[in-house]
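Throughout, protein chains are lettered first and strands after them, A, B, ... in sequence-line order, and every chain is numbered starting at 1. The structure presented is a predicted model; accordingly, all values stated were derived computationally and were not measured.
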Amino acid sequence: MLEKTFDPAAVEPRLYATWEASGVFAPTDDPDAPPFAIVIPPPNVTGQLHIGHALNNTLQDVLIRYQRMRGRAALWLPGTDHAGIATQMMVERQLAEQGNIGRRELGREAFIEKVWEWKGRYGGAIVQQLRRLGASCDWSRERFTLDEGLSAAVRKVFVTLHKQGLIYRAKRLVNWQPQLQTAVSDLEVVNLEVNGHMWRIRYPIEGESGRFIVVATTRPETMLGDTAVAVHPDDERYAHLVGKQVRLPLADRLIPIVADDYADPEKGTGAVKITPAHDFNDFRVGQRHDLPMINVLTPDAKINDEAPAKYRGMDRFAARKEIVADLDDLGLLEGVDANKMMVPYDQKSEMVVIEPYLTDQWWVDAATLAGPAIRAVEQGKTVFQPKAWEKTYFDWMRNIEPWCVSRQLWWGHRIPAWFGPDGTAFVEETEEEAKAAARAHYGKDEPLTQDEDVLDTWFSSGLWAFSTLGWPNDLADVKRFYPTGALITGFDIIFFWVARMMMLGIHFMGDVPFHKVVVNALIRDERGQKMSKTKGNVVDPLELIDDYGADAVRFTMAALSGQQRSISLSRQRIEGYRNFGTKLWNAARFCQMNDCVRVDGFDPASVKHVQNRWIRGEALKVWREVTDALENADFAEAAEATYRFVWNVFCDWRLELAKPVLAGGGAAAAETRAMTAWTLDLILKLLHPIMPFMTEELWEKTAGAGPPRDSMLITAQWPDLPASYADDAAAAEMALVIAAIGEGRSVRSELNVPNGARPALLVAEAGPRERRILEENNEAIRRLLGVDGVRFDGAVDGGAVPYIAEGVSFALPVAEFIDLAAERARLAKETARLSSEIERTAKKLGNPDFMARAPEEVVEENRERLAEAEAARERLAAALKRLEAVG
RNA sequence: GGACGCGUAGCUCAGCGGGAGAGCACCACGUUGACAUCGUGGGGGUCGCUGGUUCGAUCCCAGCCGCGUCCACCA
């Protein structure tokens, strides 16, 4: 006998261990099985499972479990990302906390060793957490972006792109993170609004004592690097000054006034200081006018030696204050205004102001790679779901900028470039090849030094769809599983990751990395607030799993996944889905108590009893719904369809109506038992992708009775139901009995068969109307409930109204008779409603325009509606009359 | 500044040309019964506002109001 409730804490770890040990997570070896692969969006190796992972990985697991049951060679390839910046920072922080020497003192090799040590000890916690969620990843193929194989892929891609001219080295402005002292990509910068100032500064015009040109700036310290002042060529106010020079205050340098379209007469004073080394727009102006580029900052954003001695070594913000004060002293500060402005911050910390900074970096020609990636989506080779994300993808791809891929970090893939004594770069996969290339170049051996920098983490992630499959060394899995079936990910990494995988996948594999991108929403708290540590509203999925079990969490994730923009998560919701699991568990318990055991060779096509024919048709319906939903990666629909079927069809009606039949015994009961067991089995299969633990447990618990199970549920075959299961006649008859019974009050739950008691049909309240309905449908009910005779015996002691059938007695204890006044009011209201409906519909059918232009089926529908409403009104009128007679 | 999306029951959301739905919450009744409950019934909505198209608009179009997100840039 099943326990009263399912105990996730005890069952889930046991089942997971069984699955994992049995090797079912690996794709089948069957060469005829069509392949279906998903690569996991690799979580940071430093990461902890958060609610977004729970959503994302639940959906992947649902899909892969479904495909596995469908008989595909289903591969879910897991792994983690080395997450250059995040990991390096974490280990550095830890070193600092432990009072160890810093990274630079430690030296590169020793530091990297420390990071590996850290990874060995703490890294990969998240892959254990994924197991708790039930993720059926093929752990035997787990990958890490810094694995040797993936590193080989990175080197090969980098070198190939370089030889194709798609990677190059250039000195340009980059987004510089001064705290880490590395370049970051545009995507790693976030612009935040802050209350700042705009200072207006007088630049004295050379040779015209006492005359100034006033420029406005929000970053006065950058003036030390000014190399021009620009005005608009058509700006008459300044036309006479173009070509003259100003003496740059404090720096005491002469710089020209140039005419350039960039200067906007409407903005500020119309004259703009040009600092090519510290501003992206100014950089372009500088290039156009061939201006010098003077960098005035050190890598940690202090003023450098290009500046007057006074400011050297000062932090950029301290220098700002000082410079403003000095300008004021010189009478060169015209004014200062409060100014709301957007300031670039480091996206990770949102604390460190990013500085445009002039450095040598490696760049990927993203615009060239983007072309085919755009076309692939235009042609539908890869589709986004929801489709609206394609526009986001196109907008970004069509305006893509070169991608800065070098990072001045230590933890990551070292750039495979070696420099000769004259600075010539030799980009090769190995040092030997670089040496050979250098020898060919110089005509003799020269000492080479490898580039100190590493690659952007997203460079290796961009290869994930094929590097994890063994490319470039072992192509067997690449041939089998590439392109993958679907990518399921959050919209926040469409640019970071999806776009790069598209570009690199198409370029190197000649085909898209995945046919479908399922984009899921951001999860918020129950009040719609973004979860954040500072707000303290972060929901820990592991805690939820502790409290409700993984199945409930998974079901919640699937059910909410349909929401496209954001998902509001509340515990109440999870609780509701946990209750759903309990409902199913108890339905199974009921089946067990009533000996609903699977029968060898049972064929649902052969069932005779109308209840069994009906549930067969309902089963076909839900099977279709769930299968279609999963084929379309519509997880919410799959969840809802099973929910409705299990609760509202199977439990509410099927099991309730089966009770008298089961109690009646004989062939009808036997058939009903077998059909019930078959239906339960179907439910377990349909629900397994979403609720793997409970369904597997029930599968196992029901294995003892009936024919032996030949496999675990996880590898059971997804059913394939014949269309012939649809039985319209049975559906119609059952609709009748449901309507008849359902119109009475409190009937449904009362169709219970207490243990050891005589089977009884208990109706709490049987008013005149219920009695009438039961009488009128006596014949149908008799047949459908599978009893030989049903007789209505009238009230007993103001309490019970027994039905006596052959061998079965149904008692209808009447707690209270219906409040006749209320019932009369209800009927009157309903009659009024019907009247208005009849009036409206009749009017519509009398409208010549409607008759002329509405589609035939709509007209027909309206005719039917009219007829139904009229019939219903008549019935009600009669009922009302009878009621009045009773009253 | 550009783009995308969203305003439907108290809450979270489905629906998207042919007489508005679900879950939760709420109220009432029942519950020795497979059910950490469960069941039955009920209240509650001019489907953001204003126009337009249509025989017919919650649904399509335009404008407005409110909210959210992304991108760009602000000397």
Could you tell me whether [X] contacts a base, only the sugar-phosphate backbone, or nothing, with contacts defined as non-hydrogen atoms closer than 4.0 Å?
X: A:A636; answer: nothing
X: A:M198; answer: sugar-phosphate
X: A:F650; answer: nothing
X: A:T218; answer: sugar-phosphate
X: A:A216; answer: sugar-phosphate
X: A:T392; answer: nothing
X: A:N191; answer: base
X: A:C591; answer: nothing

Counting Watson-Crick and G-U wobble pairs only, both distances under 3.5 Å, name the nucleotide matched with [N], or none.
N: B:rG51; result: B:rC61
N: B:rG66; result: B:rC6
N: B:rG19; result: none
N: B:rG56; result: none
N: B:rA14; result: none
N: B:rG30; result: B:rC38
N: B:rG1; result: B:rC71

Which word best sums up how the rings of A:F645 and A:F650 line up, parallel for under 30°, tilted for 30 to 60°, or perpendicular for over 60°?
parallel
Give the ring-plane orientation class for A:F555 versus A:F580, where under 30° counts as parallel, over 60° as perpendicular and anything between as tilted.
tilted
Please determine, for the side chain of [X], which listed nucleotide ([options]) has the closest atom?
X: A:K267; options: B:rA75, B:rA34, B:rA36; value: B:rA75
X: A:C651; options: B:rA75, B:rA34, B:rC38; value: B:rA34
X: A:D652; options: B:rA36, B:rC71, B:rG39; value: B:rG39
X: A:T5; options: B:rA34, B:rA75, B:rA36; value: B:rA36
X: A:Q572; options: B:rC35, B:rA25, B:rU37; value: B:rA25
X: A:Y643; options: B:rA36, B:rA34, B:rC24; value: B:rC24
X: A:N586; options: B:rA34, B:rA75, B:rA36; value: B:rA34

Using a cut-off of strictly less than 4.0 Å, decide whether [X] has a side-chain nitrogen or oxygen near OP1 or OP2 of [N].
X: A:N281; N: B:rC73; value: no
X: A:W647; N: B:rG23; value: no
X: A:R573; N: B:rA22; value: no
X: A:N399; N: B:rG2; value: no
X: A:K4; N: B:rC35; value: yes

Using the [atom1] atoms only, state how far [M] lies from [N], rounded to an integer number of Å.
N: B:rC38; M: B:rC64; atom1: P; result: 49 Å
N: B:rC59; M: B:rG18; atom1: P; result: 11 Å
N: B:rG5; M: B:rC61; atom1: P; result: 11 Å
N: B:rA62; M: B:rC67; atom1: P; result: 22 Å
N: B:rG21; M: B:rU58; atom1: P; result: 14 Å
N: B:rC60; M: B:rU54; atom1: C1'; result: 10 Å
N: B:rG23; M: B:rU40; atom1: P; result: 10 Å
N: B:rU53; M: B:rG17; atom1: C1'; result: 12 Å

Looking only at the aromatic ring of each residue, does the gap between the centers of A:W389 and A:Y393 stay below 6.0 angstrom?
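Here the rings of A:W389 and A:Y393 have centres that are no less than 6.0 Å from each other.
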What I want to check is whether an N or O donor and acceptor connect the side chain of A:K391 with the base of B:rC4 at under 3.5 Å.
no
Rounded to whole Å, how long is the line connecting atom [atom1] of [X] with atom [atom2] of [N]?
X: A:L560; N: B:rC24; atom1: CG; atom2: P; result: 13 Å
X: A:M341; N: B:rA72; atom1: CE; atom2: C1'; result: 17 Å
X: A:L522; N: B:rC70; atom1: CG; atom2: C1'; result: 13 Å
X: A:I255; N: B:rA75; atom1: CD1; atom2: P; result: 18 Å

Charged N-O contact under 4.0 Å between [X] and [Y]:
X: A:D337; Y: A:R200; result: yes
X: A:R644; Y: A:E637; result: yes
X: A:E697; Y: A:K701; result: yes

Least distance between heavy atoms, [X] atom then [Y] atom:
X: A:M694; Y: A:T582; answer: CE-N, 4.4 Å
X: A:V258; Y: A:V242; answer: C-CG1, 4.4 Å
X: A:P220; Y: A:V324; answer: CG-CG2, 3.7 Å

Nearest-nucleotide comparison on RNA chain B, the residue closer to the 5′ end among A:F580 and A:E640:
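Its nearest nucleotide lies further toward 5', so the answer is A:E640.
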